[in-house]
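Shown next, in structure tokens, is the structure this report addresses.
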Amino acid sequence: MRLFVDYSPKRRRNILWAVFTVIIILLAVTIAILFISVFKSNYILLTVSGIALILLIVLTYILGIIISHWQYYAESTRNDFTNNIVHEIKTPITVISLACELLLDKNLEDKPTREEQVESYLPIIASETERLKKMVDIFLQHSRINSSHFALNIEQFDIHQMISHVVESSEILVRNSGGVINRHLSATNNMIEADQLQIANVITNILDNAVKYSDGAPEISVTTADTHNGIVVKISDKGIGMSKNALEHIFENFYRVPTGDRHDVKGYGIGLNYALRIVQMHGGDIKVHSELGKGSEFDIFLPMHPKIRK
């Protein structure tokens, strides 16, 4: 099914400018007709132009309300996003700081106890550092795509090699949870033209969600298939799935899928919005199939030769 995606700030500005331009032109024409009808004493034309003028004023008022609502929504979501970032970053920083303090404590006993302490705390520091790195990557992705200077770096590459690299990076977390990622890369037209870094980020984001929303050991499949003018990458899981209501909103910026009583699912609600916008900029699309308790499947279509969209 084709899902709703909220407009980017740049696209919203373009729409507003277009609407304002149309209103100004209509307003100018209406006022001109109004003056002509007054001078010619044409009461029918005067009445029609008067009604048109009133309608344009009402339309401008409604547009003002819509703009005000957008500004309020953007400000509130931005504040929620900022608060979420601060809260999430504080946790790994606190853990890393505490672990470093313990390692630097000269009162710690000598070997072998100190070696045991080092072996105990270093993996924690490494894990939390990796967590911070992922946070920074997510924030950078979000800020770059909303920048007016953002542009795709199109190059030809083997998407199967790229997928294998991304999967190998994600398999570490999956194996630690007792899960597995199965690969069935059967497409024959695997050489595509795209922004390799951005497409890798898209697949990484969707794989991270598949791991995050798995109930128990993740069981994920990544497959590829040929289409008449491109390739489809399917990422499916047997996780908690999504409701119909969640499916209608998952590509909206800052939206997070409700997880009921589960409080261990972290996120910022920007990964899927970013993923869809990147794929659409290539002239592709993402379709989602999901049911509660039965998992989800993301179908990413990428054209062989991208039709770049802004």
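Proximity of a side-chain donor or acceptor of N273 to a complementary backbone N or O of F251 within less than 3.5 Å is detected. Listed for the T227 side chain is a donor-acceptor partner under 3.5 Å among the backbone atoms of G230. Not one N or O on the side chain of T224 forms a donor-acceptor pair closer than 3.5 Å with the backbone of V233. A distance-only check finds no donor-acceptor pair linking the side chain of S221 to the backbone of S236 [under 3.5 Å].
Every side chain to side chain contact (heavy atoms under 4.5 Å, CB included) that H165 has, sequence neighbours left out, goes to S169. By the side chain to side chain contact (heavy atoms under 4.5 Å, CB included) test, E291 pairs with K294, sequence neighbours left out.
Rounded to the nearest 0.5 angstrom, H289 NE2 and M242 CE are separated by 11.0 Å. Of the inter-residue distances, the one linking M162 atom CE with I199 atom CD1 reads 6.5 Å to the nearest 0.5 angstrom. A distance of 4.0 Å separates CD1 of I192 from CZ of F157, quoted to the nearest 0.5 Å. Going from atom CG of D158 over to atom CD of Q196 covers 9.0 Å, rounded to the nearest 0.5 Å. Here I235 contributes atom CD1 and N205 contributes atom CG; the two are 10.0 Å apart, rounded to the nearest 0.5 Å. Atom-to-atom distance recorded for I286:CD1 and I300:CD1 is 5.0 Å, nearest 0.5 angstrom.
When every heavy atom of S164 is checked against every heavy atom of L185, the shortest pair comes out as OG-CD1, 3.8 Å. I231 and A187 make their closest contact through CD1-CB, 3.6 Å (heavy atoms, listed as atom of the first residue, atom of the second, distance). Summarising the geometry of H282 relative to D195, their closest heavy-atom pair is NE2-N, 3.0 Å, with the distance given to 0.1 Å. Residues S296 and G241 share a closest heavy-atom pair of OG-CA, 3.8 Å. Of all non-hydrogen atoms in I220 and A210, the two that sit nearest each other are CD1-CB, 3.7 Å. Counting all heavy atoms, side chain and backbone alike, T129 lies closest to I125 at OG1-O, 2.6 Å.
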Give the C-alpha distance, both sets of side-chain angles, the deciding distance and a yes or no for side-chain contact (heavy atoms from CB on, under 4.5 Å) between S243 and L247. CA-CA 6 Å; S243 65; L247 280 173; over 6 Å; no

Starting from the C-alpha separation in whole Å, work towards a yes-or-no answer on side-chain contact (heavy atoms from CB on, under 4.5 Å) for E193 and E155. CA-CA 5 Å; E193 293 178 4; E155 59 182 328; over 6 Å; no

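Residues I250 and V288 are in side-chain contact: their nearest non-hydrogen atoms beyond the backbone lie under 4.5 Å apart. Within the 4.5 Å cutoff, the side chain of E168 has heavy atoms near those of the R183 side chain. Residues L207 and V222 are in side-chain contact: their nearest non-hydrogen atoms beyond the backbone lie under 4.5 Å apart. Side chains of I203 and F298 form no contact here, defined as non-hydrogen atoms less than 4.5 Å apart. Looking only at side-chain heavy atoms (C-beta outward), V279 and Q198 stay at 4.5 Å or farther from each other.
A donor-acceptor pair shorter than 3.5 Å can be found between the side chains of D226 and T188.
With salt bridges taken as basic N to acidic carboxylate O contacts below 4.0 Å, none links K287 and D299.
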